[in-house]
2 protein chains.
Amino acid sequence: MKEHKPIIAKDPSVPAHERIYRQLRNDVMYGDIKPDENLTLRGVAAKFGASMTPAREALRKLSAEGALRSTYSGRYVANSLTPERVEELATLRSLLEPELASRALPRVHNALIERLTAINTNIEQRVSRGETHFYIRGNLEFHRALYLRAQSPAMLALVETIWLQLGPTLRKLYETQNRAPNIDMHRRIIGALKAGDEPGLRLSIRSDVTGALRMILS
Amino acid sequence: MKEHKPIIAKDPSVPAHERIYRQLRNDVMYGDIKPDENLTLRGVAAKFGASMTPAREALRKLSAEGALRSTYSGRYVANSLTPERVEELATLRSLLEPELASRALPRVHNALIERLTAINTNIEQRVSRGETHFYIRGNLEFHRALYLRAQSPAMLALVETIWLQLGPTLRKLYETQNRAPNIDMHRRIIGALKAGDEPGLRLSIRSDVTGALRMILS
DNA sequence: TAGCCTTATTTGTGATCACATTTGAGCAAA
DNA sequence: TTTGCTCAAATGTGATCACAAATAAGGCTA
């Protein structure tokens, strides 16, 4: 596993199992953990300076969300997806994310559009600098910023679950193929938001989602 | 003569935390736990003849799936849903379940249709006998039997997550209002399956799902 | 009766340990 | 090189405990 600086400082008001959970969740979602990499209780516990108990709870929670798979003997492994599974998750994203975007649309305001534009230019700069792996994090940041406006926590939670499952596989993709994904669709999404164009928004979201995942299947 | 332990006794090949998890999951999904009922680690552990450790893992996993809510102080409570949340979950069901049914359609065979019919008549009999609470379990059994044919585990997992969240609230509904839900839509689902009518199947699934949840909101 | 303070009980958290199983390295034989 | 075997190391599981925080209970005042 990649060494990480603790983004979340040690704060006694945040329980250890929660701290471990959040950090590992980010590592998985943003592709900092490779497929088939396995995580041991004692290893995770040591890395976070805690005992096995909170490490176990964090791993259990992550495997419940599909971020990790647990083998028959109880070991925890990062997911490695078959093409059929990727196709299934792509379908789920194209079902749920347009709905989230549509729900966010009436609540969109200028500050959000500026924020999305800023995220977008940040992605472009860093990807053109060769940091292709940053695309995963930036892209999810872009989508989440929009979907948060939908005020639909259960729906967003499901979508994040799907992102979690895709994380390690996406990372492997951007490592092998070194093509930068197209940022173009993000511009069309922002355009539809400005115009209040709901069908156009659904369509561009759908294209963005399926476009990224078609790369894996090819 | 040598002492024999009963065959139904604890099976060491299934870990205690898994056993506790499965049982509690059923209790929540089928509405055997009331909204706002809270579960304590020591209470659950004692009920299953285990220590706090496996009980904690089971509860953590359930709260990760949305079956339970955990308060800021770490206590576990069965979900009690607001109308907006119910509406959101209803939308999710009507997005995902028609897709699952559609994927199952080409794989449907006679044995499955017979099974669905049997489940259906069982529901009718027990509900007409006054066991309205059985409708929850029977209805989910019906839907799951169909969706299993879709061979889409990630999608089915998401749908079950939604069922989990609705469980306790549905129970409260069927306790207060004593109207029996209509079983009619199930017949139309079976009809569409026999005819291979994909649009009709999607429509009847959607009606069945939204119909049941409209009762709550009224 | 209602509201508030104090105290006793309950509860989640995290650490440590023993135990059985699994895993993997090393080596031998084909 | 490959396959199979042995054994030491690594690993998950579940139990127990101390501790601090939260909750409930009891009693007092107004």
Side-chain angles (χ1 to χ4, degrees), chain A residues 1 3 6 8-25 27-28 33-80, chain B residues 5 8-25 27-28 33-80:
Chain A
M1 191 195 308
E3 276 300 326
I8 304 153
K10 264 196 179 180
D11 178 357
S13 77
V14 174
H17 62 84
E18 186 71 21
R19 200 165 41 89
I20 299 174
Y21 165 75
R22 290 185 198 167
Q23 182 66 54
L24 287 181
R25 183 184 148 99
D27 289 349
V28 171
I33 294 186
K34 293 174 191 164
D36 296 323
E37 181 171 339
N38 60 23
L39 305 176
T40 67
L41 292 185
R42 288 171 177 83
V44 171
K47 169 175 297 211
F48 286 90
S51 78
M52 288 167 58
T53 312
R56 225 192 306 189
E57 296 189 53
L59 292 176
R60 185 78 63 198
K61 196 168 174 179
L62 287 167
S63 76
E65 296 180 320
L68 303 174
R69 175 174 54 91
S70 75
T71 70
Y72 77 101
S73 69
R75 308 185 77 162
Y76 294 97
V77 186
N79 265 330
S80 173
Chain B
K5 291 186 178 180
I8 50 171
K10 300 176 191 175
D11 180 357
S13 76
V14 174
H17 63 84
E18 186 71 20
R19 200 165 41 89
I20 299 174
Y21 165 75
R22 289 182 197 168
Q23 180 67 52
L24 288 181
R25 183 184 148 99
D27 289 349
V28 171
I33 294 186
K34 294 173 190 165
D36 296 323
E37 181 171 339
N38 60 21
L39 305 176
T40 67
L41 292 185
R42 289 171 176 82
V44 170
K47 169 180 288 204
F48 286 89
S51 78
M52 290 167 57
T53 312
R56 226 192 306 190
E57 295 189 54
L59 292 176
R60 184 79 62 198
K61 196 166 173 179
L62 287 168
S63 77
E65 295 179 320
L68 302 175
R69 175 175 55 90
S70 75
T71 70
Y72 76 100
S73 68
R75 309 185 76 161
Y76 294 97
V77 186
N79 265 328
S80 173

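Note on naming: letters A, B, ... go to the chains in the order of the sequence lines (proteins, then strands), and numbering restarts at 1 for each one.
At least one side-chain nitrogen or oxygen of B:S51 sits closer than 4.0 Å to the OP1 or OP2 atom of D:dA15. In this model, the phosphate group of D:dT16 is not approached by any side-chain N or O of B:R42 to a distance below 4.0 Å at OP1 or OP2. Residue B:T40 places none of its side-chain N or O atoms closer than 4.0 Å to OP1 or OP2 of C:dT10. Applying the 4.0 Å criterion to OP1 and OP2 of D:dT23, one finds that B:S73 has a side-chain N or O inside that range. Between B:Y72 and D:dT23 there is a side-chain polar atom (N or O) within less than 4.0 angstrom of OP1 or OP2.
Under 3.5 Å, the side chain of A:R56 and the base of D:dG14 form at least one donor-acceptor pair of N or O atoms.
Proximity of B:R60 to A:Y21: side-chain heavy atoms (C-beta onward) are nowhere separated by under 4.5 Å. Looking at B:K61 and B:H17, their side chains never come closer than 4.5 Å, going by heavy atoms from C-beta outward. For the pair B:T53 and A:E57, the minimum side-chain heavy-atom distance is 4.5 Å or more.
Summarising the geometry, the separation between CE on B:M52 and P on D:dC17 is reported as 12 Å, rounded to the nearest angstrom. We find that CZ of B:R75 is positioned 16 Å from P of D:dA21, with the value rounded to whole Å. Atom P of nucleotide C:dT9 and atom CG of B:L41 are separated by 21 Å, given to the nearest angstrom. In this structure, A:E18 places its CD atom 16 Å from P of C:dG12, rounding to the nearest Å.
In this structure, B:E57 and B:N38 both approach DNA chain D, and ranking their closest nucleotides by distance from the 5' end singles out B:E57. Of the residues near DNA chain C, A:P54 and B:L59, the one whose nearest nucleotide (by heavy atom distance) lies more toward the 5' end is B:L59.
Distances from the side chain of B:A50 to the nucleotides D:dG14, D:dA15, C:dT13 place D:dA15 closest.
Across all strands, B:L39 comes closer than 4.0 Å only to sugar-phosphate atoms, never to a base (heavy-atom distances).
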